[in-house]
Number of protein chains: 2
Amino acid sequence: MAVRPGGAAAPPLSSELSPVDGLAQLSFVILGMLERRAAADDISIAQIRLLGVLRDRTPTMNELARILRLDKSSATGLVDRAERRGLVRRMPSVTDRRAVLVGLADNGRSLISEVAGGFETDVLALLDRLPPRDRQALSRLVSQLLVTYAADHGIDLFATSDPESR
Amino acid sequence: MAVRPGGAAAPPLSSELSPVDGLAQLSFVILGMLERRAAADDISIAQIRLLGVLRDRTPTMNELARILRLDKSSATGLVDRAERRGLVRRMPSVTDRRAVLVGLADNGRSLISEVAGGFETDVLALLDRLPPRDRQALSRLVSQLLVTYAADHGIDLFATSDPESR
DNA sequence: TATTGTTATACTCTATAACTATA
DNA sequence: TATAGTTATAGAGTATAACAATA
């Protein structure tokens, strides 16, 4: 925490954070929640991201690397370790004998559900600190922000893509 | 991205994310901005966190590890690598000959300022997507959320602590 | 004895470069 | 030739356990 941007501005005196600082700290808090839930199941954020992507996709290694913004070799290692733990499976592509499809194994599906459920509990508990009207307002504003941002960056925010299109 | 919690709920049909999903994705976007600015200066998030903490503190290794929630040995390695790059300095404590104080070197101070400045630019550009009233509302809600959360978790949100108390 | 910090070691995660096998 | 994936290798980051110096 505490990246305190600017170099210029002094820390605030009141009990209100700067918008930038607030969003930065909130991001650390929220990803910290995810990390703690993951650690409770002895798994890393990288593995959680992998399993999260595979929840609604069965991509090739190549697509997987692109989605996670990793080098192909990093994806190989990530999938290797997940496969060794029985969380994912490699399957041959029927249309391209060079390609390898990656899918969730049952263990992986239950694990990601558990972690995601715990994470949701944590975030909802955090939101419960606000009165209902504020909670709704925050949720709306965050959505609005993301929708415009995602549109400009070619991100599919609601990515539930066609499993098996190969 | 896409951790999509729950296992229960289906993805939304409208153009509004669930509150949990929205906050999670927003967190990834914001920390991604920080990571990209850091990478532009060829430095990691871990190093940025270290330098960020040292902006307004000169802690012992022990305190540093506690603040960053790392094992002492991890802090040793982190500071080793930062020191090798001339970003921080180790200094002896005058009151406890076992202890080692860690402080920013000039290079470290200019580097963290640059990264933090760029990050601030990015986040402000993101916030500019909202009309001013919404922007203010979001900022207020985020602050409010953090203040209550921090109070309950013993986190000093406005940490500008006494440099040199040893 | 307890605490501070480092070292030795091991594992995960990431990237670059070189390689194999398909296309 | 170009693409998909793996392997070899290197470095950062983290943790546990053992250790030296000091309190």
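Below, chains carry the letters A, B, ... as their sequence lines are ordered, and counting in each starts from 1. Because only heavy atoms are used, hydrogens play no part in the values below, and waters and symmetry mates are left out as well, while side chains stay in.
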Worksheet item: Which comes earlier along DNA chain D counting from the 5' end, the contact point of B:S74 or that of A:G77, where each point is its nearest nucleotide?
Response: A:G77
Practice prompt. Identify, between B:K72 and B:L78, the residue whose nearest nucleotide on DNA chain D lies closer to the 5' end.
Written response: B:L78
Worksheet item: Rounded to whole angstroms, how far apart are CE on A:M61 and C1' on C:dT14?
Response: 14 Å
Item to complete: May I have the distance from A:R85 (atom CZ) to C:dC11 (atom P), rounded to whole angstrom?
Response: 13 Å
Fill in: Any B:R49 side-chain nitrogen or oxygen under 4.0 Å from OP1 or OP2 of D:dG13
no
Fill in: Charged N-O contact under 4.0 Å between B:D128 and B:R135
yes
Worksheet item: Counting N and O atoms only, with roles assigned by atom type, does the side chain of B:T76 sit under 3.5 Å from a partner on the main chain of B:K72, one being a donor and the other an acceptor?
Response: yes
Worksheet item: Between the base of C:dT22 and the side chain of A:R97, is there a donor-acceptor distance below 3.5 Å?
Response: no
Discussion item. Under the criterion side-chain contact (heavy atoms from CB on, under 4.5 Å), I'd like the reasoning laid out for B:L26 against A:L26: C-alpha separation, chi angles, the key distance, then a yes or no.
Written reply: CA-CA 10 Å; B:L26 182 62; A:L26 181 62; 5.6 Å; no
Worksheet item: Between atom CG in A:D71 and atom P in D:dG11, what is the gap in whole Å?
Response: 17 Å
Discussion item. In this structure, how many angstroms lie between the P atom of C:dT12 and the CD atom of A:E83, rounded?
Written reply: 15 Å
Discussion item. Output the rounded distance in Å from CG (B:D96) to C1' (D:dA20).
Written reply: 15 Å
Worksheet entry | Whether B:S74 side chain and B:L70 backbone form a donor-acceptor pair below 3.5 Å | no
Worksheet item: Please give, in whole Å, the distance from D:dA21 C1' to B:N62 CG?
Response: 15 Å
Discussion item. Without decimals, in angstroms, what is the distance between B:R81 CZ and D:dT14 C1'?
Written reply: 9 Å
Worksheet entry | Polar side-chain contact A:S73-C:dT16 base: donor and acceptor under 3.5 Å | yes
Worksheet item: Can you check side-chain contact (heavy atoms from CB on, under 4.5 Å) on A:L64 and A:L68, steps first, answer last?
Response: CA-CA 6 Å; A:L64 185 59; A:L68 294 174; 3.9 Å; yes
Discussion item. Checking B:D96 now: which residues fulfil salt bridge (charged side-chain N to carboxylate O under 4.0 Å, His left out) with it, not counting sequence neighbours?
Written reply: B:R98
Discussion item. Using a 4.0 Å cut-off on heavy atoms, which residues in residues 38-47 of chain B reach DNA chain D? List them by number, or say none.
Written reply: B:S44, B:A46, B:Q47
Worksheet entry | Nearest-angstrom distance from the residue atom CG of B:L51 to P of D:dG13 | 11 Å
Fill in: B:R69 side chain near D:dT14 phosphate (N/O to OP1/OP2, under 4.0 Å)
no
Worksheet item: Any donor-acceptor pair under 3.5 Å linking the side chain of A:R37 with the backbone of A:G118?
Response: yes
